Amino acid sequence: MLQPLTTFLPRSSVMGIVNVTPDSFSDGGVHLDPELAAAAARRMVAHGAAIVDIGGESTRPGAEPVSLDEELRRVLPAIERLEGVPVSIDTAKAEVARRALELGAAFVNDVTALRGDPELAGVVADADAFLCLMHMQGEPRTMQRDPHYDDVAAEVAAFLEERLEVAVAAGVAEERICLDPGIGFGKTVAQNLELVRRLDVLLALGRPVLIGLSRKSMLGKLLEGAQARTGSTAASVGAAVAAFERGASIFRVHDVREHVEALAAAAAVSA
Ligand code: HH2
């Protein structure tokens, strides 16, 4: 029997972010060298990350798409150096996922929730990979221009329920899938906060929730005003703990040690 996601990444697992990109909003350019990317990933595991998420395409607001060749050139050399480390590939491209899974990645993190590439669901199913389906309104180039919802939590949940059905119909085992509200992907600060506050609406779908609040601009905007581009580590940790208390399971973060320690303390309180 296939291992369910809930035993591979139990509640309060931390996913460390390694962006092998020149332009990611908070760590762009830092890990472009594959040796440095792999070293950062190993350091994150040493600090308690359960998995590392390797991405070769920035999805920050306004980002331009990258070509298949360029994305492969960025991520594969890093993944090749990560034997024995649990790896997630952050991609919407079936070919990138396929090559990463061949090199040992176990998890596919698709911010388009299988809308970006019609082949991706089959690649995930054939490899028995774990899968994250994330909500996004619009696309990165334009998504922050004018996000609109009548009921953000209900609409995000309805979208993810439909994408979960698509994934399962394509042969991905439901126990291998988690859902993500997509903080900052076509949402205002108030809408992001409401999604965390009403996480129960997503949890009602019966799948673990992965959440990415780390250094997101909404945290900076809360403290420093509308011009802020990134949030601090302390604000990220505070938001992660709030999400944990509302039932989130997996935390996609840049600052692994701080989140591991804070979530261990939060989990101990609620145990
Ligand atoms: N956020 C980003 C990228 N991938 N994946 C999931 N599942 N959830 C998220 O919230 C999420 C994600 C954006 O953050 P980051 O990777 O730090 O920046 P960039 O997209 O600029 O590389």
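Indexing begins at 1, ligand by ligand and atom by atom, following the structure's order. In this text, all values refer to a predicted model and were calculated from it rather than measured experimentally.
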Subject >> Any pair counted as side chain to side chain donor-acceptor pair (under 3.5 Å), so long as it reaches residues 250-267, sequence neighbours left out >> reply: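 Non-adjacent pairs meeting side chain to side chain donor-acceptor pair (under 3.5 Å): Ser26-His254, His47-Arg257, Asp53-Arg252, Asp90-Arg252, Ser214-His254, Arg215-Asp255, Thr233-Asp255.
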Hydrogens and angles aside, do [X] and [Y] bring a side-chain donor and acceptor to less than 3.5 Å of each other?
| X | Y | answer |
| --- | --- | --- |
| Glu71 | Thr91 | yes |
| Gln191 | Thr188 | yes |
| Thr21 | Asn19 | no |

Subject >> Protein residues having a heavy atom less than 4.0 Å from any atom of ligand 1 >> reply: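 Those residues closer than 4.0 Å to ligand 1 by some heavy atom are Asn19, Ser24, Phe25, Ser58, Thr59, Arg60, Asp90, Asn109, Val111, Cys132, Met134, Asp180, Phe185, Leu210, Gly212, Lys216, Arg252, His254.
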Subject >> Criterion salt bridge (charged side-chain N to carboxylate O under 4.0 Å, His left out) on Glu119 and Arg98, from CA distance to verdict >> reply: CA-CA 10 Å; Glu119 311 280 313; Arg98 195 180 62 73; over 6 Å; no
**OP:** State whether the side chain of Asn192 and the backbone N or O of Gly184 hold a donor-acceptor pair below 3.5 Å, judged by distance alone.
**Re:**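 Yes, Asn192 side chain to Gly184 backbone: donor-acceptor pair under 3.5 Å.
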